[in-house]
Amino acid sequence: MVDVIENSAVQINAQFSKHLLCSSCEGRFSQNGEDHVISNTVRNNGEFRLRDALKSTERSLSNNGRSIFLGGELPPELRATAYYYFFVSILWRASVTDWPGATGVKKGCLGAKYQEMFRRYLLGEFNRLPKVSVRVHVNFDTDPDIFLTVPTHAKVIFENFKVNRYSFYMPGICFVAHVGGNLPTHKLDGISAQTSCPIFIESHLKGTELRRRLAEDVARAIPKGKLARAD
């Protein structure tokens with residue numbers, strides 16, 4: 001994993017970790033999303049179960065040549081809601097505490113209202129989150145990138161409305177959510193994206209703006225640690 005911290009590129013081998021959850025909540029997060037999502041990202045041997053499963057599944061619609069799969073229409077074994085739950089759990093954990101050494105989102109980034117709503121959803125008190133749209137961009141390339149990024153947060157204009165955008169990469173997958181603001185029940189080719197199932201979108205992430213910005217950040221940064229010794 002390469003993280004850009006204060007204009008320095010640092011290669012790190014360990015995940016960011018912190019004692020935050022009780023064993024019961026750890027088990028809930030793992031069972032409801034984390035274990036399934038991680039096992040379906042790109043593996044070191046090139047295996048990519050999610051991409052392969054989507055390629056063999058009939059798409060819901062097409063947009064600009066890309067296949068789009070509505071989570072609610074996917075076969076149950078793909079467990080579309082697990083990706084939604086996983087994304088919500090990552091953002092909630094990012095918001096409730098500081099993570100020393102991590103860039104991107106900061107403590108309180110969700111705001112008190114949504115932080116509490118996310119908590120209650122994760123505990124099973126809500127079936128869905130209002131004004132939360134989650135999209136899972138799946139890299140259909142034959143050689144997808146194998147890297148991770150910490151979540152990022154930005155206030156953006158989305159369909160002429162001000163919203164909060166959160167995103168992060170996992171191997172072969174880019175998660176993007178639009179949260180809050182005056183976001184209406186927006187539609188993608190006539191289908192609402194605001195459900196407890198995300199929309200899965202065929203993507204070629206190496207050509208995306210987010211991928212380009214990350215590459216530029218790493219290129220501009222000053223190599224330190226193992227990266228500095230790589231030459």
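- If you take CG on L91 and CG on L122, they are separated by 10.0 Å, rounding to the nearest 0.5 Å.
- Distance check, rounded to the nearest 0.5 Å: CZ of F200 to OG of S60 gives 10.5 Å.
- With sequence neighbours excluded, no residue forms a salt bridge (charged side-chain N to carboxylate O under 4.0 Å, His left out) with E58.
- In this structure, OG1 in T142 is found 10.0 Å from NE2 in H204, a value given to the nearest 0.5 Å.
- Here E125 pairs with R120 in a salt bridge; the nearest charged N to carboxylate O distance falls below 4.0 Å.
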* Output, in order, the C-alpha distance, side-chain angles, deciding distance and verdict of side chain to side chain contact (heavy atoms under 4.5 Å, CB included) for V179 and V163. => CA-CA 6 Å; V179 178; V163 299; over 6 Å; no

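- Take E34 and apply the salt bridge (charged side-chain N to carboxylate O under 4.0 Å, His left out) test, not counting sequence neighbours, and it matches R93.
- In terms of heavy atoms, M170 sits closest to I38 at CE-CG1, 4.0 Å.
- Heavy atoms only, all atoms of each residue included: L74 and F69 are closest at CD2-CB, 3.8 Å.
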* Check against side chain to side chain contact (heavy atoms under 4.5 Å, CB included), S203 and N139 -> CA-CA 5 Å; S203 298; N139 194 337; 5.8 Å; no

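- The ring pair (Phe, Tyr, Trp, His ring centres under 6.0 Å) search around F175 returns F86, F87, F168, not counting sequence neighbours.
- Residues G108 and Q115 approach most closely at CA-OE1, 4.1 Å, considering heavy atoms.
- The distance from atom CD of E73 to atom CG of L61, rounded to the nearest 0.5 Å, is 8.0 Å.
- Of all heavy-atom pairs spanning C197 and G72, the tightest one is CB-N, 3.7 Å.
- Residues forming a side-chain contact (heavy atoms from CB on, under 4.5 Å) with A82 (at least two apart in sequence, or on another chain): H36, R79.
- Applying the salt bridge (charged side-chain N to carboxylate O under 4.0 Å, His left out) rule to R119 yields the partners E116; only residues at least two apart in sequence or on another chain are considered.
- Contacts of F48 classified as ring pair (Phe, Tyr, Trp, His ring centres under 6.0 Å), with partners at least two apart in sequence or in another chain: none.
- Heavy atoms only, all atoms of each residue included: V37 and Y83 are closest at CG2-CD2, 3.7 Å.
- In this structure, R59 has no salt bridge (charged side-chain N to carboxylate O under 4.0 Å, His left out) partners at least two apart in sequence or on a different chain.
- Contacts of N44 classified as side-chain contact (heavy atoms from CB on, under 4.5 Å), with partners at least two apart in sequence or in another chain: I146.
- If you take CD1 on I201 and CG on L54, they are separated by 11.5 Å, rounding to the nearest 0.5 Å.
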* Passes side chain to side chain contact (heavy atoms under 4.5 Å, CB included), E26 versus S24? Steps please. -> CA-CA 5 Å; E26 284 279 8; S24 176; over 6 Å; no

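- Listed by chain and number, the residues in a side-chain contact (heavy atoms from CB on, under 4.5 Å) with E47 are R43, N45, R49 (sequence neighbours excluded).
- Not counting sequence neighbours, the partners of K55 by the side-chain contact (heavy atoms from CB on, under 4.5 Å) test are R51, F140.
- Side-chain contact of N164 with H153: a donor-acceptor pair under 3.5 Å is present, judged by distance alone.
- Residues that satisfy the ring pair (Phe, Tyr, Trp, His ring centres under 6.0 Å) test with Y121, not counting sequence neighbours, are Y84, Y85.
- Scanning all heavy atoms of the two residues, the minimum distance from S95 to C109 falls at OG-N, 3.4 Å.
- Residues passing the side-chain hydrogen bond (donor to acceptor under 3.5 Å, both in side chains) test with D143 are K206, sequence neighbours excluded.
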* F126/L129 under side chain to side chain contact (heavy atoms under 4.5 Å, CB included): CA gap, chis, key distance, verdict -> CA-CA 7 Å; F126 294 158; L129 291 166; 4.2 Å; yes

